[in-house]
Structure formats: C-alpha cells, structure tokens
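This structure is a prediction, so every number in the text was calculated from the model and none was measured. Order of the sequence lines fixes the chain letters, A, B, ..., with proteins taken first and strands second; residue numbering starts at 1 for each chain. Quick note: numbers below take in every heavy atom, side chains included, and nothing from hydrogens, waters or symmetry partners.
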Amino acid sequence: MTLPANHPPESADLAALAARALSMRQHMLTMARGPGQGYVGQGLGVADVLAALYFHELRWDPADLAAPDRDRFLLSTGHYSIALWAALAEAGVFPLSELSTYGADDSRLDMSTLDTTPGVEMIGGSLGHGLGQAVGMALGLRLAASPGRVFCELSDGEMQEGSTWEAAMSAAHFGLDRLVALIDCNGIQADGAIVLDMEPVADKWRAFGFETEEIDGNDLAAVVAALAATRQRAGKPHAIVLRTRPGFGIPTLTAREKAHFIRVDAGEWDALAAELDREGPRHD
Amino acid sequence: MTERIFTRAMGIDEASGARRTVEAPFGHALAALGAERPEIVGMTADLGKYTDILPFRDAFPSRFFNMGMAEQNLVAAAAGLARTGFIPFATTYGVFASRRAYDFVAIAVAHSNLPVKIVAGLPGLTTGYGGTHQAIEDTGLMSLIPGLTVIDPCDATEIAAAVRAAAEHPGPVYMRLLRGKVPVVFEPEGFRFEIGKARLLREGGDVGIIATGFMTERALDAADRLAALGLAAGVLHVPCLKPFDAEAVQDFALRCDRIVTAENHVVRGGLASLVVEALHERGILRAVRRVGLPDRFIECGAVPTLQKRYRITVDDIVASAEERA
C-alpha cells in the first residue's frame with residue numbers, strides 16, 4: 001500500500017493547483033487539435049475541479065492504480081474524457097506525448113471513456129450510469145471496512161435520467177457518507193442550452209438527503225474548500241453543485257455560442273493557446 | 001358448467017405433482033455458498049420474498065442490500081460492488097432485469113465482464129399477470145449482450161449447482177429462476193453443472209427433443225409417453241442459451257430422424273432459433289418442430305390455463321413429436 005496516510009493535507013497550495021489546472025487546459029488544447037473539434041468546452045469547464053481532486057483531495061497513487069483503499073473518481077459523462085486524460089497525463093499515468101493521439105484510431109485516449117484506459121474507474125458515456133455505480137462502490141468499500149471514498153462527477157443534463165435519482169435515493173438510504181456527487185452544471189446538453197429545466201438543483205439534492213453545497217466550479221479556492229468539507233461524515237452523502245463555464249480559461253471559447261460539441265477552425269488553435277497562456281493560472 | 005379457474009397471486013409453485021420438490025433451492029444454495037465465500041453479496045429490488053433470496057438475507061444481513069423498486073440502480077450498484085471485489089447476486093423479475101435494466105446489464109456489467117449474477121424470476125408462463133410480468137423474450141434479449149452467460153435451469157438440483165457455477169464463473173451471468181416448491185428432476189448426488197455444456201438425458205432415434213428450462217422435465221415425461229406409443233424419443237437438455245453447446249446439439253440431431261425443440265420462451269430468438277442455426281452450420285437437414293411461445297403478448301390467466309392455451313405442456317411436446325415431416 002503506497003497511499004499516504006495523512007492525505008489529503010489540511011491546507012492546499014492554491015498556486016500549485018492553479019498551475020496544474022492551467023497545464024491541464026494546455027493538454028486539452030493539444031488533444032483537441034488532433035480531431036479539430038470535440039468536447040474541449042466541457043473539459044476546460046471542469047479543469048479546476050479535476051485539478052483539485054487529482055492533485056489535492058483524492059488519496060490515490062498514479063503508480064498503483066488498483067490500490068484497494070484508493071479514493072475513486074468516476075467520470076459519468078464519458079464525453080468529458082478529454083479532461084480526464086489531461087489530469088491523468090499531468091499526473092504521469094501516461095506520457096504527455098500520447099495526448100496528441102486523442103480520438104485517433106487505436107488510441108487509448110478515446111473520445112468517450114472506456115475502462116480499458118489506465119486510471120478509468122468505470123465506463124462513462126451512457127448517461128445516468130455513474131452515481132449508481134458509485135453507490136455500489138461505496139457499499140462495497142464500507143463492507144470491506146475500507147477508508148476509500150467515492151467521488152462521482154455527473155452533469156446537469158444527466159439529472160434528467162431517472163436512474164440518477166434512483167441512485168440518489170439509495171445513497172441517502174444507505175447513509176453513504178463517503179460518497180460525493182459532483183454535479184457539473186454548465187448549462188448545456190446535446191441539443192444546446194439545457195432543454196429541460198432542472199432548477200433548483202441544490203434544493204433537489206438536499207431533498208434527496210444529500211449534504212449539499214453550491215459553488216462556482218471555476219473558483220479553485222471554493223472548490224478546494226467544498227471538497228475538504230466532504231471529509232466530515234454524518235451519515236449523509238455529499239453533493240457539490242458546481243456552476244462551471246464551458247471553455248473557461250479561454251474567453252473566446254466561453255463567449256462562443258453554448259454548444260455541446262465545440263467546433264474550432266484549423267487556423268484558430270494557436271490563437272486560442274496564446275489566449276490561454278495570457279490568462280495564466282487562476283485561483284483568486 | 002366447467003370449473004372456473006382464477007389467476008393466482010405471485011408465488012405459484014412450479015411443482016407438477018409428479019416429482020418430489022425442494023423449497024426455495026436458489027436461496028438455500030446461495031446461503032450455503034455465502035458461508036464459504038465472504039465476497040458473495042445478495043441484492044434485490046423489492047422482490048426478495050418473491051425471488052427466494054431471503055434465506056441468504058437471514059444468514060448474512062450485512063451482506064444483503066434491498067435497493068427498492070429501482071432495477072437500473074440494482075444493476076448499477078451491483079456493478080459498483082463487483083468493482084470493489086464482491087460477487088453480487090441480484091434478483092428481480094426477468095421482465096425488469098431485461099427490458100428495464102438492459103442498458104445497465106450491457107454497459108455497466110457485461111462491457112467490463114464484471115462478475116454480477118442476475119437471477120430473474122417469473123420466466124415465461126409462470127405467472128398469470130400478463131405481459132407486464134411474463135418474461136417471454138428475456139433469454140433472447142440477454143443472449144444478444146456480448147459476454148453475458150444465459151442459463152435457464154430445469155429443476156431444484158440444477159439451480160443449486162448453477163448458483164455455484166455462476167459464482168465460480170469470472171464474468172456476468174443471467175439466470176432464470178424457478179421459485180417456491182421446485183421439482184427435483186435430476187438426482188443431486190454427484191450432479192455437476194458446467195457452463196456452456198448440454199446434458200444428454202436420453203438417447204434418441206425416431207425423434208430428438210431438445211429442451212431448456214422447466215420444459216426439460218416435460219420433455220422427459222413426453223419421451224416416456226412416446227416410448228409407450230412405440231417411438232424412440234431422446235432428450236437433450238440445454239440449460240445454457242449462451243454459451244450455446246452447438247456441437248452437442250449437432251451430434252444429437254445426427255442421431256435422430258427429426259427434432260422437437262421445447263422452451264418456455266418465444267420460439268424466435270430463443271432455443272429453437274439457436275438449434276436451427278446450429279444445424280444449418282453443419283448442413284444437418286432435419287425437420288424441426290418448435291414448442292414454445294408465440295410472437296405476441298399473452299393475457300392474464302391461471303398458469304395452467306395459459307400453459308395449455310399456448311401449448312407448452314407435455315401433451316404439446318408429444319403431439320409435435322408424433323408429427324412427421
């Protein structure tokens with residue numbers, strides 16, 4: 001067992017985490033250049049959350065991905081894979097040189113996650129699957145007397161799947177207080193802006209028995225603090241409603257029409273990369 | 001005036017009266033196995049009582065999870081438990097496991113070859129509750145999922161053995177469940193169940209009956225009656241629809257003049273389809289008469305009434321076996 005016993009640390013190095021987030025965003029641009037399009041908007045939006053998880057909150061070891069007591073991060077929205085590949089590459093699970101294969105035939109870095117890629121805890125992409133599997137993992141870890149926690153990302157659109165609420169009911173019923181639902185509310189789904197109103201989101205999770213916080217998901221300090229708060233265990237599962245902006249970090253993309261699948265012209269990439277560098281690391 | 005027969009509530013027994021029975025063979029087998037293997041957990045979706053899993057719950061309450069009426073979550077959570085090292089046996093009715101939770105069985109479980117064992121009650125015409133509850137096309141649906149083992153056991157002995165085999169199998173399993181008082185057709189002493197293997201019960205001749213599930217019990221009774229009529233009838237029991245023992249079916253058919261298939265399932269996409277495919281693959285030309293359910297939803301009614309009306313009784317197997325091509 002190589003997991004540090006004293007992790008996560010009490011205080012976070014926000015500047016270091018912001019640098020990780022920036023670096024992950026740069027990786028995502030490297031990846032998106034290959035296919036010339038993709039879910040780069042969603043990926044940039046959750047970069048801060050994934051940086052705070054993988055480089056601060058999660059107890060995990062990139063060199064021992066199967067450690068039984070590890071904390072698990074489940075990416076239910078498989079099409080956000082671009083963000084997961086960025087985090088795992090940044091952590092050294094696979095080499096940065098592999099990033100440019102994203103979405104190419106025979107690449108391990110698929111456009112939607114399969115669990116054949118190292119570091120992937122479940123197959124995402126069939127939306128509404130994540131939270132139920134997280135419930136099963138949390139039940140299993142508790143039965144095994146493991147300290148492992150389960151963090152499950154899901155999206156605002158995914159709340160329209162009934163299975164999400166089946167899972168939410170059972171998480172509360174079983175008192176899974178080592179389970180954290182991370183709801184990425186970026187306001188878009190496949191057909192554009194959210195087609196079926198899900199507000200008030202936080203109230204829904206509270207009503208379903210979750211200890212719920214609502215924060216700006218692109219405010220790194222707020223994300224770190226909200227994740228730290230989920231270490232408190234009082235017999236209830238946790239939910240963090242994350243208000244994120246698709247394309248965050250690159251103003252040109254955040255200003256673009258809210259699209260599920262961002263299209264970028266071939267000539268734009270260098271300018272977007274320069275814009276991201278100009279924006280720099282952000283944690284204020 | 002004929003006697004009026006009423007639909008019975010959930011929980012009709014499969015016992016035909018001719019053979020001795022065992023009560024809740026699935027639950028008792030799972031409880032016995034649970035004592036040997038601490039990684040086995042039980043789950044249900046508000047149908048614990050009606051799927052015979054309560055003996056396991058009573059033996060291991062901390063290893064039993066009732067997920068409520070939520071079959072998608074039943075299967076998703078089973079996948080999560082499997083990913084943390086457990087072997088979940090999850091029960092519900094076949095209609096819900098297949099029609100309602102299909103995407104979860106396919107993607108959350110089978111795609112990752114997780115050791116989740118789904119045990120599905122009310123197969124075919126074993127309930128009078130109509131199309132909502134009668135799993136008439138479940139093994140067909142489930143057989144289409146890559147990597148999923150599909151079992152339709154015949155009796156109490158085979159259920160107990162299949163539970164053990166399912167637990168030892170590294171991948172996912174879908175098993176039909178006979179519940180309540182279940183007949184004993186196979187002698188338990190020395191009985192072994194091997195996934196993917198057919199069981200030759202009686203050598204053929206004039207006619208070969210290829211059967212699965214509880215229809216095998218009826219096939220044996222039919223073979224006795226056919227013998228009395230002067231027809232040599234063999235019986236091949238095929239408990240696994242997937243993997244399907246095509247070779248055993250082909251070899252058996254070569255030794256028979258004609259074939260009758262018998263299944264408690266729609267004939268299209270079930271055993272009959274598999275048999276015909278297997279015979280054609282080796283160019284074996286035999287007339288195949290199909291005993292099984294029609295391509296339609298079936299009404300409510302008393303189980304014996306429905307089984308007669310839709311022709312899955314011993315009489316129906318005998319009649320099909322007597323027909324010449």
Side-chain angles (χ1 to χ4, degrees), chain A residues 65-72 74 76 78 112-117 120-150 152 154 158 161-176 178-179 208, chain B residues 34 37-46 57 60-90 92 96-97 99-118 145-147 172:
Chain A
L65 295 171
D69 287 340
R70 71 189 183 280
D71 290 343
R72 276 111 170 127
L74 308 186
S76 190
S112 188
T113 51
L114 296 179
D115 62 352
T116 40
T117 305
V120 177
E121 298 281 6
M122 64 162 266
I123 296 175
S126 180
L127 300 177
H129 276 229
L131 195 59
Q133 296 192 50
V135 164
M137 287 185 197
L139 286 171
L141 290 169
R142 184 164 77 183
L143 194 53
S146 167
R149 293 200 288 160
V150 184
C152 178
L154 61 154
E158 206 171 355
E161 293 283 1
S163 55
T164 296
W165 300 107
E166 290 185 8
M169 282 186 279
S170 65
H173 171 79
F174 290 109
L176 299 175
R178 284 194 171 102
L179 172 70
F208 274 74
Chain B
R37 301 190 61 174
E39 70 273 30
I40 288 178
V41 296
M43 306 176 77
T44 192
D46 189 37
R57 177 201 67 180
F60 306 103
S62 68
R63 285 157 56 189
F64 179 77
F65 305 102
N66 197 327
M67 307 306 289
M69 278 183 250
E71 292 78 15
Q72 299 179 92
N73 197 43
L74 171 76
V75 177
L81 275 154
R83 284 194 186 274
T84 49
F86 292 94
I87 300 177
F89 278 73
T92 179
F96 307 134
R99 297 174 192 154
R100 191 174 287 234
Y102 198 74
D103 184 47
F104 289 78
V105 177
I107 301 302
V109 172
H111 200 310
S112 299
N113 198 38
L114 296 177
V116 170
K117 322 298 173 181
I118 296 162
I145 295 178

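Rounding to the nearest 0.5 Å gives a distance of 13.0 Å between CE of M43(B) and CZ of F89(B). Expressed to the nearest 0.5 Å, how far CZ of F174(A) lies from CG of N66(B) amounts to 7.0 Å. A distance of 9.5 Å separates CZ of F86(B) from CG of L139(A), quoted to the nearest 0.5 Å. Taking OG from S126(A) and CD1 from I107(B), the interatomic distance works out to 6.0 Å, rounded to the nearest 0.5 Å.
Judged by distance alone, with hydrogens and angles left aside, the side-chain atoms of E71(B) form no donor-acceptor pair with the main-chain N or O of A97(B) at under 3.5 Å. Under the 3.5 Å distance criterion, the side-chain polar atoms of R83(B) are left unmatched by any main-chain donor or acceptor of M137(A). No donor-acceptor distance shorter than 3.5 angstrom exists from the side chain of S112(B) to the backbone of V109(B), with no hydrogens or angles considered. Put simply, the side chain of R178(A) never gets that close to the backbone of A138(A): no donor and acceptor are under 3.5 Å apart.
The most heavy-atom pairs under 4.5 Å with chain A, out of A76(B), G85(B), G68(B), come from A76(B). Annotation: maximal heavy-atom pairing with chain B below 4.5 Å, among L131(A), D115(A), V150(A), occurs at D115(A).
In this structure, chain B has a heavy atom under 4.5 Å from the side chain of L114(A), while its backbone stays farther away. For V75(B), no part sits under 4.5 Å from any heavy atom of chain A, backbone or side chain. With a 4.5 Å cut-off on non-hydrogen atoms, E39(B) does not touch chain A at all. Interface residue A108(B): backbone and side-chain heavy atoms are both found under 4.5 Å from chain A. With a 4.5 Å cut-off on non-hydrogen atoms, F104(B) touches chain A through its backbone and its side chain both.
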- Message: Could you walk me through whether F65(B) and L81(B) satisfy the side chain to side chain contact (heavy atoms under 4.5 Å, CB included) test, starting with their C-alpha distance in whole Å, then the side-chain angles of each, then the deciding distance to 0.1 Å, before giving a yes or no?
- Response: CA-CA 11 Å; F65(B) 305 102; L81(B) 275 154; 4.1 Å; yes
- Give the intermediate values and the outcome of side chain to side chain contact (heavy atoms under 4.5 Å, CB included) for residues R72(A) and Q133(A). CA-CA 11 Å; R72(A) 276 111 170 127; Q133(A) 296 192 50; over 6 Å; no
- Please assess H129(A) against D103(B) for the test side-chain hydrogen bond (donor to acceptor under 3.5 Å, both in side chains), listing each intermediate value before the final yes or no. CA-CA 9 Å; H129(A) 276 229; D103(B) 184 47; 2.7 Å; yes
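Interface residues of residues 161-169 of chain A toward chain B, defined by a heavy-atom distance below 4.5 Å and sorted by number: S163(A), E166(A), A167(A). Contact residues of residues 141-149 of chain A toward chain B are L141(A), L143(A), A144(A) (heavy-atom distance under 4.5 Å).
The heavy-atom pair separating I87(B) from P115(B) by the smallest distance is CG2-O, 3.7 Å.
Remark: R99(B) CZ is packed, more than 12 non-hydrogen atoms of other residues, nucleotides or ligands lying under 6.0 Å away.
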